[in-house]
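Written out below as structure tokens is the structure these notes cover.
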Amino acid sequence: MITISGQAVCGGIAFGKLYHIKKSVGMIERRHIDDVENEILRMNNAREEAKSQLGALYEKALLEVGQDNAMIFEIHQMMLDDLDYVESIEGIIRDQKLNAETAVANTADTMADMFASMDDSYMQARAADVKDISERVISILSGATSGGIDSDEPVIIGAEDLAPSETVQLDKSKILAFITEKGSSNSHTSILARTMNIPAVINAQGIMDDSLNGKDMIVDGFTGEIFIEPDPDTNARLLEKLKKVNEQKELLNKLKGVKPVTKDGQSIMLYANIGSMEDVPSVWANDGMGIGLFRSEFIYLSKDTYPTEDEQFGIYKSVAQNMLGKRVIIRTLDIGADKQVDYFDMPKEENPAMGVRAIRICLNRPEVFKTQLRALYRASAFGKIAIMFPMITSLSEVKRIKEICKEVTDELDKENIPYNKDIELGIMIETPAAAVISDILAAEVDFFSIGTNDLTQYTLAIDRQNSEAAKFCDIHHRAVLRLIKMVVDNSHKHGIWTGICGELGGDLELTETFLAMGVDELSVSPGLILPIKQKVLNTDLTGRKDELLSDI
Ligand code: PEP
Ligand code: MG
């Protein structure tokens, strides 16, 4: 038996076989080859396979999103046959005797640079397309699985690291656990694992060793231990632990329907964070009182092109209807930083976490923003939708957002399209700037939701994606807790409520502190709702508030 110790990011125990997911890009091995003709044949076969994959995608898109949106896949098929493209790849293989993967990657880089430098914006946008088709060919050549899990039975996923866009495309019914060699606990992939309630371990050195692929193992998502080909004692011990975990779950299930109120009578709303409409059943299964954060960007991340207004409307309407009148807070598009979407064709940034991300992209591209807002407002006629805006730093941003919302509702009025005229508009407080001016911002909105993941990264100047810097991160740092208290106090002074939707909201060590601060709502991964409820029910704040807040 081999044991690997990593960092636990989502509790749970999984027994199964390891399935390596290899990255298609960024790991291209540059090799010299002798058999040129064979290499060209490999490349042409991969091109044919890519075209047939695109054909299947075209058919699927045609049914789901209509011809206009499906056309991109036809264009990609044609690009794969483009003479300049094919000749350039063949030329590199023949003249430089390099492997097909390298030849495709080099051609993609050269052509993408050429497109990007053109004046015509249509041609500039082709840079992303040439990269996209080339990534598909490279992943076929290198046998990497991009999105699919080619196994009949559910598996334990092993990867060097996973981007959010890769994680959302995986078939969740086939995943028993996630293990990555890199990563950080507040990265969106860890957050997604928690949302899906799948055991997950990061920083597991050695898990990508080829010899481990397909091996039986046990993942302990509580301790971060991975037991490869476990001996009988370990097997029995972990089976026993799994039994206890299931018993504890049964106990927690008994809390369903019980209102989260402390012994001294203080109540709090316990909501769920979700990333897709498929997560709604687990909100019900865990007794969520509403949805406190629907990360709408995952709709964009799981697609190859912009989701249309109707498509988004369908999703938001379905979530609102399925929540039967409970509040559903949908956050507008928050891409950029680690959540990159190729078809947005964003220029590469030196420091993307501080670059043009989230609301900045929406304010730069009002047409994209308005499409989403129209879908949200239209869906608000079918349930209790609230809209929330990410990455706010200033009053002028909030004012501009409200102007754009007004333009959208004026249009809907003209078109006689119904929507909820009293829809709640809220903002995320996830930058120190927003926290510090929360007294001013409170006058403009209906609620605040504190995004502690970004608030921590920006307050402590620690990149949430950087596993090396993570050791300098005190997740209970006073600076962050003080800002949270300040935001709650300011919101209450102005008669609005404050929730926490960052990962700190699910930290049981802080539940009492948040209650003492008067936080009105905690929005957490569905699987954490009942454990927090248990904590709330066991808490008595009588005479303890000052003591609980004395360290802040
Ligand atoms: C946050 O920053 O805390 C948050 C909830 O948003 P995200 O994790 O999606 O950036
Ligand atoms: Mg955030």
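Count residues from 1 along the sequence. All ligand and atom numbering here is 1-based and tracks the order in the structure.
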Proximity flag Gln457 to ligand 1, non-hydrogen atoms under 4.0 Å:
no
Atom 6 (O) of ligand 1 [closest protein heavy-atom partner, distance rounded to 0.1 Å]
Arg331 NH1, 2.9 Å
With no hydrogens and no angle check, is any side-chain donor or acceptor of Ser394 less than 3.5 Å from a backbone partner on Glu397?
yes
As an exercise, identify every atom of ligand 1 less than 4.0 angstrom from a heavy atom of Met428.
4 (C), 5 (C), 6 (O)
For atom 5 (C) of ligand 1, the protein heavy atom that lies nearest, with its residue and separation
Arg295 NH2, 3.5 Å
Going by an N to O cut-off under 4.0 Å, is there a salt bridge joining Arg400 and Glu407?
yes
Closer than 3.5 angstrom, by distance alone: can the side chain of Asp446 be matched with the main-chain N or O of Leu425 as a donor-acceptor pair?
yes
Run the contact test for Glu503 against ligand 1 with a 4.0 Å cut-off on heavy atoms, strictly below, and give the result.
no
Run the numbers for me: atoms of ligand 1, each under 4.0 Å from some heavy atom of Lys339, listed by number.
9 (O)
To the nearest 0.1 Å, how far is atom 7 (P) of ligand 1 from its closest protein heavy atom, and which atom is that?
His188 NE2, 3.2 Å
For the residue pair Leu530 and Leu255, what are the closest heavy atoms and their distance?
O-CD1, 3.9 Å
Could Glu424 and Arg327 be called an ion pair, given the rule that one side-chain N must be under 4.0 Å from one carboxylate O?
yes
Under 4.0 Å, heavy atoms only, figure out whether ligand 1 is touched by the backbone of Met391, its side chain, both or neither.
neither
Could you tell me, atom by atom, which parts of ligand 1 come under 4.0 Å of a heavy atom of Ile191?
8 (O)
Candidate pair Lys348 and Gln340, rule side-chain hydrogen bond (donor to acceptor under 3.5 Å, both in side chains), full reasoning:
CA-CA 10 Å; Lys348 206 170 156 18; Gln340 292 295 333; over 6 Å; no
For Glu430, take its heavy atoms, then give the atoms of ligand 1 lying under 4.0 Å from any of them.
1 (C), 2 (O), 4 (C), 6 (O)
Please evaluate residues Tyr343 and Tyr306 with respect to the criterion ring-ring contact (aromatic ring centres under 6.0 Å, His included), reporting the C-alpha separation (whole Å), side-chain torsions for both, the decisive distance (0.1 Å), and the verdict.
CA-CA 7 Å; Tyr343 57 85; Tyr306 293 97; 4.8 Å; yes
Hey, is Arg295 close enough to Asp334 for a salt bridge, meaning N to O under 4.0 Å?
no
Closer than 4.0 Å to some heavy atom of Leu293 - which atoms of ligand 1 meet that?
5 (C)
Which of the numbered atoms in ligand 1 are below 4.0 angstrom from a heavy atom of Arg464?
2 (O), 7 (P), 8 (O), 10 (O)
Near the Mg ion (ligand 2), which protein N/O/S atoms fall under 2.8 Å?
Glu430 OE1, Asp454 OD2
Electrostatic pair Glu160:Lys182 at N-O distance under 4.0 angstrom
yes
Does a salt bridge link Lys485 with Asp489, judged by any charged N lying under 4.0 Å from a carboxylate O?
yes
Side chain of Ser187, backbone of Gln465: donor and acceptor closer than 3.5 Å?
no
